[in-house]
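First the structure, in the form of structure tokens, and then the observations on it.
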Amino acid sequence: MKSLGIDIGTTSICLVCYEEGREKLLFTASRQNEFLPGTFEQDPEAIVEKVKDMLAEAERNGFGAGTADTMDSSAADAMESSIVDSIGISSQMHGILYVDADGCAVSPFYTWKDEKGRELMEDGRSYEACLSQSLGMPVFSGFGTVTHFCLSRKGLIPGRAVKLANIGDYVAMRLTGRKSPLTDESIAASFGGYDVQEGDFAREKLEQAGVDISYYPELCRRGEAAGTYRGIPVSCAFGDNQASFYGALDKPETQISVNVGTGSQVSLFDSRYYRTAAADIRPYFHKGCLYVGASLNGGKVYEKLAAFFEEIVYEFTGQNIQAFDQMARLGAEKKETGLMITPSLYGKRGEAGSGADAYGTIKNLTADDFHASDFIRAYVKGMADELYRMYLEFPEEIRRGRTEIVASGNGIRKNPLMAEETAKVFGLPVIFKDTQEEAAAGAAKAALDLLA
């Protein structure tokens, strides 16, 4: 059986065709995803059009619902074995948009990077701090509940809005013709204000905190499809963290997931629920929980280091260069350094994100370590150290028996220095699966398992 997987990431959108029992993907396509100028917001309709364009491309290559006359001649002969059985959707988490009664977007998509929640209210508290205290559970700027609370207090919710949804929910709506969002628990939990044990929004607490829950979407039942696209069942959107974990790990009880995309996460699965403030506890396909340490700083901060070197070269020589290959070479030559860098360019979540040490630091800078190779090595080590610190804060009961790290995301797959430092700091081997685009592949695999 075959399934298409669509992953709506922060910086790219990917489509793959996954076949049950095979690691190698049959087909891949991708498009860039961009912020609206000067914001951390994205255009929902532009995303939908890119998804539809990739679905058409897949169909032309024999991986869709079409007939032979819609395919390239080279793909037509393979039609009978290429028609897919399901479509799965993976989506960047936390963010929201608003839809009207006809199911059309009436706002931009406010992504997980949105910073409205850090703004101060009349009493001097930030929106995220106010909600965290009222709910008795941590919620952060960029979480849909915080964004919704902030927009509501400011009177900025569009007048025609009737429901809020994640961008993955919205893509599912537009593909299937739904007029109201149907949300999987993995996405719902990412909004904040969700009770994982109860499997529902903490509605009473949300209302008491002043959150208008009438906008919240309906929760889907296990295995419930959002609808069909050209006759193919379409899953409700899954959180990209859960989808990536599902696509990458085959022994989740003993493996650790390290994903480095725009941001980065370290994740562990356990069938048991342990109450802890040290991890974001996320539902995992009705099998148990993912314990997740999430950083705002991932592959994007390494790109910033590359841009820094490129800027220096241009300013001094007038030449434009691509720095990544040279950075890999220089970093590989320097195995150890006394230089210490914490590359928290995008800060930290919650109260930690408002202190004097919220952003990056450089320590132990000496004449001996004042070289590009030291900066590169220390910078990547700092990225790995942050993930390890979060991991050590997880309950000891769920850390026992872990034997290897399964790495995913282009920020580590394409950066051997990050893989090397991660293995070193965790003291465990880092492995990569043959399946790339893990979130899209995981969504495709989950859709087969849940819908077929």
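Atom set for the values below is all heavy atoms of this structure, side chains included, hydrogens, waters and symmetry mates excluded.
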Worksheet item: Does the pair F191 and F143 meet the rule for a ring-ring contact (aromatic ring centres under 6.0 Å, His included), with working shown?
Response: CA-CA 5 Å; F191 292 157; F143 280 27; 9.4 Å; no
Discussion item. Set out, in order, the CA-CA distance, both residues' side-chain angles and the distance that settles side chain to side chain donor-acceptor pair (under 3.5 Å) for T366 and D368, then state yes or no.
Written reply: CA-CA 5 Å; T366 69; D368 292 336; 4.8 Å; no
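Formation of a donor-acceptor pair under 3.5 Å by the S235 side chain with backbone atoms of I89 is found in this model. The backbone N or O of Y346 sits less than 3.5 Å from a side-chain atom of N297, completing a donor-acceptor pair. Distance alone, capped at 3.5 Å, is enough to place a donor-acceptor pair between the S141 side chain and the G117 backbone. Under the 3.5 Å distance criterion, the side-chain polar atoms of Y291 are matched with a main-chain donor or acceptor of Y274. The backbone N or O of R118 lies less than 3.5 Å from no partner atom in the side chain of S126, so there is not a single donor-acceptor pair. In this structure, the side chain of S132 does not engage the main chain of P138 through any donor-acceptor pair within 3.5 Å. The main-chain N or O of L97 is never found under 3.5 Å from a side-chain atom of S107 such that the two would form a donor-acceptor pair. A donor-acceptor contact shorter than 3.5 Å links the side chain of N33 to the backbone of G9.
For F308, the side chain to side chain contact (heavy atoms under 4.5 Å, CB included) test picks out L305, I312, with sequence neighbours left out. With sequence neighbours excluded, the residues that form a side chain to side chain contact (heavy atoms under 4.5 Å, CB included) with K424 are E336, R377, E421. In this structure, the side chain to side chain contact (heavy atoms under 4.5 Å, CB included) partners of A372, at least two apart in sequence or on a different chain, are F309, L330. For D53, the side chain to side chain contact (heavy atoms under 4.5 Å, CB included) partners two or more places apart in sequence, or in a different chain, are R31. Shown here are the salt bridge (charged side-chain N to carboxylate O under 4.0 Å, His left out) partners of R22, two or more places apart in sequence or in another chain: E19. Here E20 pairs with nothing under the salt bridge (charged side-chain N to carboxylate O under 4.0 Å, His left out) rule; sequence neighbours left out. Evaluation of the side-chain hydrogen bond (donor to acceptor under 3.5 Å, both in side chains) rule for D200 yields R203 as partners, not counting sequence neighbours. Applying the side-chain hydrogen bond (donor to acceptor under 3.5 Å, both in side chains) rule to N241 yields the partners S267, R282; only residues at least two apart in sequence or on another chain are considered.
Classification of the Y302-Y379 ring pair by plane angle, with boundaries at 30° and 60°, yields tilted. Classification of the F375-F370 ring pair by plane angle, with boundaries at 30° and 60°, yields tilted. Ring geometry for Y98 against H148 counts as tilted: the plane angle lies between 30° and 60°, on a 0 to 90° scale. By the 30° and 60° cut-offs, the orientation of the rings of F35 relative to F40 is perpendicular. Using cut-offs of 30° and 60° on the angle between ring planes, the pair F426 and Y391 is tilted. Between F149 and Y127, the ring-plane angle classifies as perpendicular under the 30° and 60° cut-offs.
N259 approaches S244 most closely through the heavy-atom pair ND2-OG, 3.3 Å. I281 and R275 make their closest contact through CD1-CA, 4.4 Å (heavy atoms, listed as atom of the first residue, atom of the second, distance). Of all non-hydrogen atoms in D184 and A237, the two that sit nearest each other are CB-O, 3.2 Å. Pairing each heavy atom of S408 with each of E438, the nearest pair is CB-CD, 3.3 Å. Minimum interatomic distance between A226 and L182 (heavy atoms only, all atoms of both residues): CA-CD2, 4.4 Å.
A side-chain N or O of E45 and one of Y170 form a donor-acceptor pair less than 3.5 Å apart.
Counting non-hydrogen atoms of neighbouring residues, nucleotides and ligands closer than 6.0 angstrom, the CZ atom of R221 reaches no more than 12 such neighbours. Counting non-hydrogen atoms of other residues, nucleotides and ligands closer than 6.0 Å to CE of M137 gives a total above 12.
For the pair R413 and F432, the cation-pi test (distance below 6.0 Å, angle within 45°) is failed. Cation-pi contact between K116 and Y110: absent, since separation from the ring centre below 6.0 Å together with deviation from the ring axis within 45° is not met. Both tests pass for K445 against the ring of Y246: distance under 6.0 Å to the centre and angle within 45° of the axis.
Inter-residue side-chain proximity for Q242 and M93 is flagged as met; some heavy-atom pair is nearer than 4.5 Å. In this structure, V171 and S91 have side chains that are not in contact, with every pair of non-hydrogen atoms separated by 4.5 Å or more. You'll find the side chain of M418 reaches within 4.5 Å of the side chain of L387, heavy atoms only.
Among residue pairs with one or both ends in residues 303-316, those qualifying as salt bridge (charged side-chain N to carboxylate O under 4.0 Å, His left out) are K300-E303; sequence neighbours excluded. Applying the salt bridge (charged side-chain N to carboxylate O under 4.0 Å, His left out) test to residues at least two apart or on different chains, the pairs with a partner in residues 385-395 are K381-D385. Residue pairs meeting the salt bridge (charged side-chain N to carboxylate O under 4.0 Å, His left out) criterion with at least one partner in residues 284-298, sequence neighbours excluded, do not occur; the list is empty.
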Under 3.5 Å, side-chain donor or acceptor atoms of residues 248-257 against the rest of the protein: list the pairs with distances, not counting sequence neighbours.
residue : atom : partner : partner atom : Å
D250    : OD1  : Q255    : NE2          : 3.0
D250    : OD1  : K433    : NZ           : 3.4
D250    : OD2  : K433    : NZ           : 2.9
T254    : OG1  : K251    : O            : 3.4
Q255    : OE1  : D250    : N            : 3.3
Q255    : OE1  : K251    : N            : 2.9
Q255    : NE2  : E404    : OE2          : 2.7

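Ring-centre distance between F238 and F285: below the 6.0 Å cut-off.
For E185 and R222, the salt-bridge test fails: no basic side-chain N is under 4.0 Å from an acidic carboxylate O.
E437 CD to S90 OG: the interatomic distance, rounded to the nearest 0.5 Å, is 10.5 Å.
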